[in-house]
Amino acid sequence: IRNGSQGYFSNYKEYEVVKKLEEVTGLKFEFTHPVGAAKEQLNIMLASGEMSDIIIYYFQNDGGTMKAVEEGTYIKMADYIDKFAPNFKKLVAENESFKKQVEMNGGKDMTYMPNLIDDPRYLAYNGYFIRQDWLDQVGLNIPETISDWEAVLTAFRDKKLGSDGNTIPFATITSGSMNYEIFASGFGLNSIYYYCLDPDTGKVTHPVLQPGYKDYLMTLNKWYTEGLIDPNIFGANIQQIDSMMLNHELGSVYIDNNADIPKYMQTDPDLNLVAVPYPKDANGNAVCPTITLPSTVASLGAVVTKSCEHPVEAVRFLDYLYSEEGSDLINWGIEGTTYTKDANGEKKFTDIILANPEEKSPTEAFAGAFFARSGAPGLIQFSAMSGLETNYSDEIKKQRNQSIEYSMELDQSRMLGALPFTYDELNELNNIKANVETYITEMHQKFILGKESFENFDSFIENAKKSGMSRMIELRQQAYDRIEK
């Protein structure tokens with residue numbers, strides 16, 4: 001169980017929305033949820049031959065998915081989509097972003113039905129925030145460049161503005177790649193987790209090969225050594241960030257603007273937090289550090305297996321989730337219960353969600369209704385996520401919306417989306433990937449934490465290339481060239 005539903009339900013069967021789906025479709029659903037690592041459990045299920053009719057997982061660019069289609073383990077989804085998924089086809093045909101990404105994901109050889117996200121703002125959930133009252137006390141403005149940030153963080157440290165003098169000028173959470181994204185935009189870089197396009201040549205490269213990467217490491221090492229960033233910068237969990245923030249020890253943060261910032265500002269109105277733009281590089285540009293923003297065709301989606309005795313009906317059911325009625329159901333819940341719709345078609349959540357009698361937060365109250373966000377394929381509506389925020393104060397809405405706008409202003413031109421790899425390419429990539437990522441991640445941390453001398457930077461780059469990075473770049477370039485042709 002994922003996201004908002006985690007901790008509230010043990011099985012999708014308990015969702016009121018799933019019960020409604022059974023009612024409107026005439027189908028009955030049984031769910032099997034993996035215990036432990038989902039990928040490992042998926043492999044065990046496939047090896048056993050006893051498969052669910054439909055599998056929901058992260059299928060994008062998965063060589064195993066392509067192989068499973070070739071071997072007949074999964075149906076060839078593209079053929080069924082063409083004949084039995086008019087709602088999905090219509091959405092893709094009418095949206096250039098969807099169309100391009102679907103083509104990059106295989107097009108006529110599409111192996112799964114992915115989440116489609118109707119607005120990229122839905123994906124703009126990370127951002128920088130700073131204590132405006134702390135800025136006022138040190139007489140500085142909101143930072144825009146790396147030098148601005150250094151001045152601000154230094155002032156926070158020197159003035160000891162934290163509670164009882166306990167001051168953490170900046171921190172972030174160890175989640176996904178967030179602590180590898182921090183301040184990268186100020187050096188013209190993407191996160192080290194994502195291959196990208198070289199701005200000069202237009203060819204595929206890796207961030208560690210970009211001119212600003214060494215300066216980036218040296219700057220963060222300096223900040224770490226001087227106490228300008230959290231000493232646990234590669235290990236802090238959300239509970240630790242919560243504690244630092246709510247104890248008034250933390251001056252600035254890179255964090256989820258949807259879940260965490262409203263939580264802090266509602267819990268403690270004295271936390272005068274304001275959104276901050278992504279740091280700009282020497283050219284006044286802020287490069288998008290993450291691949292998430294451009295990806296409105298998600299890696300999460302559904303396949304139908306050979307165990308399904310009624311594949312046509314299965315695809316038609318999945319296609320229903322992309323229809324207006326089906327999408328409303330999995331995003332808003334049950335009309336008249338969790339939301340209402342006026343004469344103009346505008347939807348609004350009811351007080352069962354926004355002013356829950358059991359004093360649950362809107363997200364908690366809606367955990368069993370927001371099926372799309374919890375893990376179903378279909379069309380995800382940004383308006384539904386925004387609808388959960390109507391009980392936020394005007395200030396919370398203002399700062400969250402500002403954070404989203406800052407994300408939308410990022411330069412996404414260097415990002416590589418999904419690429420149309422062949423099965424052999426994907427197989428080779430998967431055999432190389434772990435060694436390359438592990439080595440680069442470990443060395444990245446060591447340089448910043450002062451455990452590796454910068455005299456060894458050049459040898460690090462050479463070793464990274466030899467570990468398989470050069471080959472991964474070649475394989476990505478081959479796939480990218482196929483798109484360009």
Side-chain angles (χ1 to χ4, degrees), residues 126-173 178-189 191 212 215-234 236 240-257 260-261 264-265 268 270-287 289 395 398-400 402-407 409-410 448-450:
N126 292 337
Y128 293 88
F129 290 82
I130 200 164
R131 290 282 297 265
Q132 180 64 58
D133 52 331
W134 286 25
L135 282 175
D136 293 341
Q137 290 183 61
V138 298
L140 294 172
N141 297 320
I142 287 176
E144 295 186 1
T145 65
I146 292 300
S147 59
D148 291 344
W149 269 99
E150 183 162 328
V152 166
L153 299 180
T154 300
F156 285 177
R157 180 201 63 192
D158 292 348
K159 291 288 185 178
K160 298 182 179 179
L161 297 178
S163 177
D164 298 324
N166 297 320
T167 304
I168 308 293
F170 176 87
T172 192
I173 183 177
M178 288 182 69
N179 47 7
Y180 298 96
E181 296 170 15
I182 55 170
F183 303 110
S185 63
F187 295 84
L189 299 171
S191 162
D215 288 342
Y216 170 69
L217 291 177
M218 294 180 74
T219 298
L220 262 64
N221 169 251
K222 178 175 181 285
W223 290 3
Y224 174 82
T225 303
E226 295 179 356
L228 303 187
I229 58 178
D230 182 13
N232 194 25
I233 196 68
F234 292 113
Q240 291 168 317
I241 300 295
D242 289 351
S243 176
M244 286 187 276
M245 182 64 75
L246 296 174
N247 286 325
H248 291 250
E249 298 171 346
L250 183 57
S252 58
V253 67
Y254 181 62
I255 205 159
D256 188 324
N257 61 34
D260 299 314
I261 291 302
Y264 298 145
M265 296 176 74
D268 186 349
D270 291 333
L271 284 172
N272 189 1
L273 290 164
V274 295
V276 182
Y278 279 71
K280 294 180 174 62
D281 62 20
N283 298 315
N285 191 37
V287 174
E395 184 62 20
K398 175 184 174 182
Q399 298 306 328
R400 172 160 155 65
Q402 183 63 75
S403 177
I404 290 173
E405 291 308 310
Y406 285 145
S407 291
E409 293 169 0
L410 291 168
I448 291 173
L449 300 180

Identify the two heavy atoms, one from [X] and one from [Y], that lie closest to each other, and give their separation to 0.1 Å.
X      : Y      : answer
Leu135 : Phe156 : N-CE2, 3.9 Å
Ile142 : Pro277 : CG2-CD, 3.9 Å
Arg131 : Leu273 : CD-CD2, 4.0 Å

Side chain to side chain contact (heavy atoms under 4.5 Å, CB included) evaluation trace for Asn179 with Ile173: CA-CA 7 Å; Asn179 47 7; Ile173 183 177; over 6 Å; no
Ring centers of Phe183, Trp223 separated by less than 6.0 Å: yes
Ring center gap for Tyr406 and Tyr128 short of 6.0 angstrom: no
To the closest 0.5 Å, what do you measure between [atom1] ([X]) and [atom2] ([Y])?
X      : Y      : atom1 : atom2 : result
Met245 : Gln240 : CE    : CD    : 14.0 Å
Arg400 : Asn257 : CZ    : CG    : 4.5 Å
Ile448 : Ile182 : CD1   : CD1   : 6.5 Å
Leu246 : Ile241 : CG    : CD1   : 11.0 Å
Asp148 : Leu140 : CG    : CG    : 8.5 Å
Asn141 : Gln132 : CG    : CD    : 8.5 Å

Chi angles and distances behind the side chain to side chain contact (heavy atoms under 4.5 Å, CB included) call for Val138, Leu161: CA-CA 9 Å; Val138 298; Leu161 297 178; 3.9 Å; yes
What I'd like to find out is whether the side chain of [X] reaches to under 4.5 Å of the side chain of [Y], using heavy atoms alone.
X      : Y      : result
Thr172 : Tyr180 : no
Tyr264 : Ile255 : yes
Gln137 : Lys159 : no
Lys280 : Ile146 : no
Pro143 : Val276 : yes
Phe170 : Trp149 : yes
His248 : Asp268 : yes

Is a side-chain donor or acceptor of [X] paired with a backbone partner of [Y] at a separation under 3.5 angstrom?
X      : Y      : result
Glu181 : Ser191 : no
Arg157 : Val152 : no
Asp230 : Asn232 : yes
Ser185 : Pro279 : yes
Ser403 : Gln399 : no
Thr167 : Gly162 : yes

Worked check of side chain to side chain contact (heavy atoms under 4.5 Å, CB included) between Phe129 and Val274: CA-CA 5 Å; Phe129 290 82; Val274 295; 6.0 Å; no
Residues Asp281, Phe187; criterion side chain to side chain contact (heavy atoms under 4.5 Å, CB included); working and verdict: CA-CA 5 Å; Asp281 62 20; Phe187 295 84; over 6 Å; no
